[in-house]
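What you see is a predicted model; the values in this text were computed from it and never measured.
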Amino acid sequence: MKTLERKYSKSERIIAKAKFSSSVYLKTVIFALILGGAIAAVWIFKDVIERVFTKSEGPATVLTDDLMRWVLLGAGLLVLLCFLIQSICLYSKELIVTEDKVVMRTGVLSVKNTTIPINEIVIIETNQNLIQRILNTGTVVIVSDAEQPYKVKGVRAADRLTRRIMRQVATVKRESEAKKVQLQLASYVSRKR
């Protein structure tokens, strides 16, 4: 159970929570394939590359097998680092919807909490490109009265979350209007007496 869920489940009812997609690892896999392919091509054609750049017909002296192994090891470590960074970014995001607010938390060492009251939400957009539509992920953009739009990337089933938040917005606004009418009615009745 994540931090926000633990905190708010004790005090308020959680209506919805965002699940984040692990499709962010796709970037790391593509990066690894491109980097590995480039290194493999250089390793395979190292003799030709040596001849072209040194203009000599002698044996290759710069691109040795040992050097290529070190380059491959460095590339592997770089891909592993990218994978770890993507994992930290994926698991450091939370978004929950309670009865009266949307709460977002991001960060590991420097944590940022953003709370948007439901009644201040004006528009919620879902942005998806072709790959995101295939993977059923997207970016949710929450536009409120008070702040600039807040973007949450990598949300799984982003359309469903957007509809759920907008239903809650409509419910809160309906309840607010009903309370306003009741107060006006009570004020009118008290003036008549």
Side-chain angles (χ1 to χ4, degrees), residues 1-6 16-56 59-97 102-114 116 123-143 147-165:
M1 189 181 272
K2 291 194 166 194
T3 307
L4 288 178
E5 197 174 345
R6 262 193 318 264
K17 56 185 171 182
K19 294 181 180 173
F20 294 94
S21 175
S22 59
S23 65
V24 295
Y25 295 124
L26 213 56
K27 294 176 190 174
T28 305
V29 169
I30 291 170
F31 175 66
L33 289 173
I34 291 171
L35 189 62
I39 292 171
V42 168
W43 201 336
I44 290 170
F45 298 109
K46 68 181 178 177
D47 295 333
V48 175
I49 294 170
E50 274 288 325
R51 281 189 221 121
V52 168
F53 286 109
T54 60
K55 306 260 192 246
S56 67
T61 56
V62 177
L63 297 175
T64 63
D65 284 341
D66 287 337
L67 176 69
M68 294 308 293
R69 284 187 193 106
W70 282 107
V71 169
L72 194 58
L73 179 65
L77 291 174
L78 183 64
V79 168
L80 183 62
L81 181 67
C82 288
F83 180 78
L84 290 174
I85 290 171
Q86 292 290 336
S87 296
I88 290 169
C89 289
L90 177 66
Y91 292 111
S92 67
K93 292 191 290 188
E94 294 180 78
L95 183 140
I96 63 167
V97 181
V102 175
V103 183
M104 291 158 281
R105 181 178 190 267
T106 56
V108 177
L109 299 175
S110 176
V111 178
K112 177 183 176 184
N113 285 320
T114 304
I116 301 173
I123 297 171
I124 298 180
E125 295 177 357
T126 303
N127 299 327
Q128 293 177 311
N129 59 29
L130 179 64
I131 295 172
Q132 288 173 328
R133 277 188 272 151
I134 292 169
L135 297 173
N136 194 24
T137 64
T139 299
V140 175
V141 181
I142 300 173
V143 180
E147 293 186 24
Q148 297 177 0
Y150 193 87
K151 292 183 180 183
V152 184
K153 296 180 180 181
V155 177
R156 193 179 322 150
D159 287 333
R160 192 170 71 203
L161 180 68
T162 299
R163 286 191 305 272
R164 185 65 188 111
I165 293 172

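Here CD1 of Ile39 is found 5.5 Å from CG of Leu72. Values are rounded to the nearest 0.5 Å. The NZ atom of Lys153 lies 12.5 Å from the OG1 atom of Thr106; values are rounded to the nearest 0.5 Å. For the atom pair CE of Met104 and NZ of Lys151, the computed distance is 13.5 Å after rounding to the nearest 0.5 Å. We find the CE-CG distance between Met68 and Asp66 to be 11.5 Å, quoted to the nearest 0.5 Å. Between Ile116 atom CD1 and Ile142 atom CD1 the span is 5.0 Å, to the nearest 0.5 Å. Distance CZ/Arg160 to NZ/Lys19: 7.0 Å, rounded to 0.5 Å.
In this structure, the side chain of Gln86 does not engage the main chain of Phe83 through any donor-acceptor pair within 3.5 Å. Of the possible polar contacts, one joining the Gln128 side chain to the Thr137 backbone as a donor-acceptor pair under 3.5 Å is found. A donor-acceptor pair under 3.5 Å is formed between the side chain of Arg156 and the backbone N or O of Phe20.
Residues Thr28 and Val79 approach most closely at CG2-O, 3.8 Å, considering heavy atoms. Closest approach of Ala158 to Val140, counting heavy atoms only: CB-CG2, 3.8 Å.
In this structure, Thr114 and Lys112 have side chains that are in contact, with non-hydrogen atoms separated by less than 4.5 Å. Counting heavy atoms from C-beta outward, Val155 and Leu95 have side chains that stay 4.5 Å or more apart.
Other residues, nucleotides and ligands place more than 12 heavy atoms under 6.0 Å from the CG atom of Leu73. Counting non-hydrogen atoms of neighbouring residues, nucleotides and ligands closer than 6.0 angstrom, the NZ atom of Lys93 exceeds 12 such neighbours.
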